[in-house]
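All heavy atoms count here, side chains included; hydrogens, waters and symmetry mates do not.
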Amino acid sequence: MLLAEVYVYNAARWHRITPSNLDAVRTRFAPPRARLLVWPDLQTDVGAALASLPDEGVSEIIWPDHNCQLNGQCLDEADHAALRIRLTDAHGAMVLSMFLAERHPLLSAVLPDPDGVLRLAAPASFHAGSFSLTSPN
């Protein structure tokens, strides 16, 4: 599974999570109040992922680099040819729409403050069914 850690001004860091690295990923989270969005794992068929890019409009694509670090990039149709070259050796990719109505994470949550209290002015895009992660203490 993939975890998008969204913090100030919608900047995001992407993490690939597994049962064996969950604790290590958790220690690298940004300060409290970051939104966490859980997504399915990358498609292993990069060609199929690239084929799902829209003919027009902006999309976000996530892929691992040669060091297995996940990268995210927003692009439009003018960038598609360069992206295909850049992802020639990629082992997976995921394409997300930039339209909020078309972005459906599997799960969304918010990191609480160190005192365990959840303080968040939820944006309209934050689903009513979302919940917060509780402190392990």
Side-chain angles (χ1 to χ4, degrees):
M1 300 187 97
L2 300 183
L3 179 77
E5 176 188 3
V6 184
Y7 46 101
V8 67
Y9 297 111
N10 286 329
R13 290 192 304 179
W14 287 89
H15 309 275
R16 187 176 239 161
I17 54 174
T18 64
S20 62
N21 76 353
L22 187 57
D23 289 335
V25 169
R26 190 176 191 165
T27 64
R28 295 191 308 260
F29 285 158
R33 303 180 194 175
R35 291 186 309 143
L36 304 176
L37 305 173
V38 177
W39 296 92
D41 204 358
L42 301 173
Q43 281 186 271
T44 55
D45 184 345
V46 176
L50 293 173
S52 72
L53 287 166
D55 293 333
E56 293 183 355
V58 180
S59 298
E60 181 176 14
I61 187 156
I62 294 86
W63 76 96
D65 64 17
H66 61 280
N67 293 322
C68 296
Q69 294 286 3
L70 292 176
N71 298 286
Q73 180 180 350
C74 295
L75 48 90
D76 64 18
E77 63 277 0
D79 302 314
H80 290 185
L83 180 68
R84 292 179 198 289
I85 294 168
R86 186 173 191 180
L87 298 186
T88 300
D89 296 326
H91 299 289
M94 178 171 60
V95 175
L96 297 173
S97 172
M98 292 302 290
F99 294 108
L100 193 56
E102 297 175 3
R103 286 178 79 102
H104 303 289
L106 300 173
L107 180 72
S108 55
V110 178
L111 286 175
D113 286 354
D115 62 3
V117 175
L118 180 63
R119 295 175 180 94
L120 173 77
S125 64
F126 201 71
H127 307 296
S130 301
F131 67 92
S132 66
L133 291 179
T134 57
S135 172
N137 300 335

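Rounded to the nearest 0.5 Å, atoms CD1 (Ile62) and CG (Leu70) are 8.5 Å apart. Atom-to-atom distance recorded for Asp23:CG and Arg28:CZ is 11.0 Å, nearest 0.5 angstrom. Atom CZ in Arg26 sits 12.0 Å away from atom CD in Glu5 (nearest 0.5 Å). Asp76 CG to Asp55 CG: the interatomic distance, rounded to the nearest 0.5 Å, is 12.5 Å. If you take CG on Leu37 and CG on Leu107, they are separated by 8.5 Å, rounding to the nearest 0.5 Å. In this structure, Leu111 CG and Leu36 CG are separated by 4.5 Å, a value rounded to the nearest 0.5 Å.
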Practice prompt. Determine, stepwise, if the pair Leu50 / Trp63 fulfils side chain to side chain contact (heavy atoms under 4.5 Å, CB included).
Written response: CA-CA 11 Å; Leu50 293 173; Trp63 76 96; over 6 Å; no
Practice prompt. Would you sort out whether Glu60 and Arg103 count as a salt bridge (charged side-chain N to carboxylate O under 4.0 Å, His left out), showing the intermediate values?
Written response: CA-CA 10 Å; Glu60 181 176 14; Arg103 286 178 79 102; 3.0 Å; yes
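Pairing each heavy atom of Glu102 with each of Ser97, the nearest pair is OE1-OG, 2.7 Å. Closest approach of Leu42 and Pro64 over heavy atoms only: CD1-CD, 3.4 Å. Taking every heavy atom of both residues into account, Cys74 and Met98 meet most closely at SG-CE, 3.7 Å.
Relative orientation of the Trp39 and Trp14 rings is tilted, given thresholds of 30° and 60° on the angle between their planes.
The closest donor-acceptor contact from the side chain of Asp113 to the backbone of Asp115 lies at 3.5 Å or more, if one exists at all. Listed for the Glu77 side chain is a donor-acceptor partner under 3.5 Å among the backbone atoms of Gly57.
Val38 has its side chain out of reach of Pro105: every pair of non-hydrogen atoms, C-beta onward, lies at least 4.5 Å apart.
Clustering ILVMFWY residues whenever any of their side-chain heavy atoms sit less than 4.5 angstrom apart, transitively, puts Val95 in a cluster other than the one holding Val58. Both Met1 and Val25 belong to a common hydrophobic cluster when Ile, Leu, Val, Met, Phe, Trp and Tyr are linked at side-chain heavy-atom distances under 4.5 angstrom. Cluster annotation: Val110 and Val117 are assigned to distinct hydrophobic clusters (Ile/Leu/Val/Met/Phe/Trp/Tyr, side-chain heavy-atom contacts under 4.5 Å, transitive).
Paired with Ile61 under the rule side chain to side chain contact (heavy atoms under 4.5 Å, CB included), one option of Leu87, Val46, Asp79 passes, and it is Leu87.
At most 12 non-hydrogen atoms from other residues, nucleotides or ligands lie less than 6.0 angstrom from CZ of Arg86.
Applying the side chain to side chain donor-acceptor pair (under 3.5 Å) definition to pairs two or more places apart or across chains, those involving residues 40-51 are Arg16-Asp41.
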